[in-house]
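FYI, the numbering just counts along the sequence from 1.
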Amino acid sequence: MMKLKVKDQEIRLIKHLEEDYICITDIAKWKNPDANAVIANWIRNRNVLEYLGLWEKLYNPDFNPLEFEGFRKEAGLHAFTLSPQKWISATNAIGIICKSGRYGGTYANKDIAFHFANWISVEFELYISHEFQRLKAAEQTQLGWSLRRELSKINYHIHTDAIKQNLIPTTLTKQQMSMIYANEADVLNVALFGFTAKEWRDTHADLQGNVRDYATVNQLICLSNMESLNSVLIKEGLPQPERLQKLNQIAISQMTVLESIGENKLLK
């Protein structure tokens with residue numbers, strides 16, 4: 001459950017069928033506390049019905065066009081009434097869904113929700129569109145960071161496997177093995193960040209996690225590359241001081257390139 005804050009009105013968003021659905025009940029409340037009445041007046045409008053029918057024909061292979069034609073012919077008559085529930089059950093529509101319980105309300109695919117917001121107020125629709133785009137941009141940034149973080153974790157396993165196969169004698173205890181792993185991790189930390197994990201913790205006692213949890217996307221990309229490279233250098237038998245020097249040079253070179261490109265371009 002996500003939320004937009006538009007002109008002091010909280011508007012909920014959910015994922016449905018891998019798409020963003022916006023709560024038009026919340027949008028309607030900006031106009032009138034009786035949200036159901038606002039939605040009912042909207043959906044019985046002939047132009048709205050034609051828009052909903054076209055949307056369903058484009059995106060819903062199971063849409064029932066015969067039932068839709070019946071509604072369309074009645075639209076505009078004084079006695080014609082329609083609710084989202086009736087529309088969904090009769091036409092097998094997917095653009096609008098009704099939920100009960102904690103997150104109850106009427107939700108619509110973002111295309112339809114923006115259309116509804118425009119019917120409510122052009123100004124309000126512009127505010128919602130702006131906030132929605134801001135949320136999507138933030139999501140993409142977070143997604144890119146998470147993907148890089150996961151890639152770094154995968155390469156970390158490649159890195160530790162190289163350490164295990166080439167640097168750890170079979171007679172070492174688990175504690176001694178852990179020290180070697182930590183020591184090699186610090187080779188990467190020093191090469192990229194300029195300090196060890198302990199040095200970072202000592203200067204950031206108020207933060208949870210480790211330095212990698214606070215790294216930028218560019219740093220995580222570079223770190224991922226360095227883990228793969230260090231595993232190769234370990235297998236080639238290069239001493240740690242030589243590996244540290246090479247990795248530091250690589251880190252400087254790659255970060256210079258990555259920073260010149262910019263994180264936003266890398267995430268596209």
Problem - Derivation and outcome, side-chain contact (heavy atoms from CB on, under 4.5 Å), residues Arg12 and Ile22 - result: CA-CA 6 Å; Arg12 294 166 291 173; Ile22 302 173; over 6 Å; no

Handout entry: Verdict with reasoning, Val38 to Ile120, per side-chain contact (heavy atoms from CB on, under 4.5 Å)
Key = CA-CA 9 Å; Val38 175; Ile120 293 287; 3.6 Å; yes

Practice task
For Lys86 and Phe71, run side-chain contact (heavy atoms from CB on, under 4.5 Å): C-alpha distance rounded to whole Å, both residues' side-chain angles, the deciding distance at 0.1 Å, then the answer.
Solution key: CA-CA 10 Å; Lys86 186 176 179 180; Phe71 287 141; 3.9 Å; yes

Exercise for the section: Run the numbers on Trp42 and Phe116 for ring-ring contact (aromatic ring centres under 6.0 Å, His included), then give the verdict. Expected result: CA-CA 8 Å; Trp42 169 72; Phe116 176 71; 4.9 Å; yes

Exercise for the section: Give the C-alpha distance, both sets of side-chain angles, the deciding distance and a yes or no for side-chain contact (heavy atoms from CB on, under 4.5 Å) between Thr91 and Glu56. Expected result: CA-CA 9 Å; Thr91 65; Glu56 295 290 343; 5.7 Å; no

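Residues Tyr214 and Leu258 are members of one and the same hydrophobic cluster, defined by side-chain heavy-atom contacts under 4.5 angstrom among Ile, Leu, Val, Met, Phe, Trp and Tyr. A chain of hydrophobic side-chain contacts below 4.5 Å, direct or via other Ile, Leu, Val, Met, Phe, Trp or Tyr residues, connects Leu58 to Leu49. Leu4 and Leu126 end up in different hydrophobic clusters when Ile, Leu, Val, Met, Phe, Trp and Tyr side chains are linked at under 4.5 Å. Hydrophobic cluster membership differs between Val190 and Ile252, with clusters built from Ile, Leu, Val, Met, Phe, Trp and Tyr side chains linked at under 4.5 angstrom. Hydrophobic clustering of Ile, Leu, Val, Met, Phe, Trp and Tyr side chains at less than 4.5 Å, counting indirect connections, unites Leu17 with Tyr107.
A donor atom on one side chain and an acceptor atom on the other are found under 3.5 Å apart for Asn183 and Gln240. Between the side chains of Asn230 and Arg243, at least one donor N or O lies within less than 3.5 Å of an accepting N or O. No side-chain donor-acceptor contact under 3.5 Å links Asp26 and Gln9. In summary, the side chains of Asp186 and Asn189 do present a donor paired with an acceptor at a separation below 3.5 Å, with no hydrogens or angles considered. Judged by distance alone, the side chains of Trp55 and Asp111 do bring a donor and an acceptor atom under 3.5 Å apart.
The structure places OG1 of Thr25 at 12.0 Å from NZ of Lys99, a figure rounded to the nearest 0.5 Å.
Looking at heavy atoms from C-beta onward, His115 lies in side-chain contact with Val48 at the 4.5 angstrom threshold. A heavy-atom distance below 4.5 Å is not found between the side chains of Ile97 and Thr106. For the pair Trp200/Leu207, a side-chain contact is recorded, criterion being any heavy-atom separation below 4.5 Å from C-beta on. Using a 4.5 Å cut-off on side-chain heavy atoms (C-beta onward), Ser121 and Trp30 make contact.
The backbone N or O of Thr216 sits less than 3.5 Å from a side-chain atom of Gln219, completing a donor-acceptor pair. Checking side-chain atoms of Ser224 against main-chain N and O of Leu220 turns up no donor-acceptor pair under 3.5 Å. Formation of a donor-acceptor pair under 3.5 Å by the Asp62 side chain with backbone atoms of Asn92 is not found in this model. At least one donor-acceptor pair under 3.5 Å links the side chain of Ser89 to the backbone N or O of Gln85. Between the side chain of Arg44 and the backbone N or O of Leu77 there is at least one donor-acceptor pair closer than 3.5 Å.
Smallest separation of non-hydrogen atoms from Ala35 and Lys29: CB-CG, 3.8 Å. Scanning all heavy atoms of the two residues, the minimum distance from Cys23 to Ile11 falls at O-CG2, 3.9 Å. Contact between Glu50 and Phe68 at its shortest, heavy atoms only, is CA-CZ, 4.2 Å. Heavy-atom minimum distance, Pro61 versus Tyr59: CD-O, 3.6 Å. Between Ile96 and Ile88, the closest heavy-atom pair is O-CD1, 3.2 Å. Taking all atoms of both residues into account, the shortest heavy-atom contact from Ile43 to Leu82 is CG2-O, 3.3 Å.
Taking the charged nitrogens against the carboxylate oxygens, Lys5 and Glu10 have no contact shorter than 4.0 Å, which rules out a salt bridge. Ion pairing of Asp20 with Lys110 is absent here, as no side-chain N (NZ or NE/NH1/NH2) approaches a carboxylate O to less than 4.0 Å.
Other residues, nucleotides and ligands contribute over 12 non-hydrogen atoms within 6.0 Å of the CZ atom of Phe195. Asp8 CG: 12 or fewer foreign heavy atoms inside a 6.0 Å radius.
Between Tyr21 and His16, the two ring planes are perpendicular [angle over 60°; tilted spans 30° to 60°]. The aromatic rings of Phe63 and Trp87 sit tilted relative to each other, their planes meeting at an angle between 30° and 60°.
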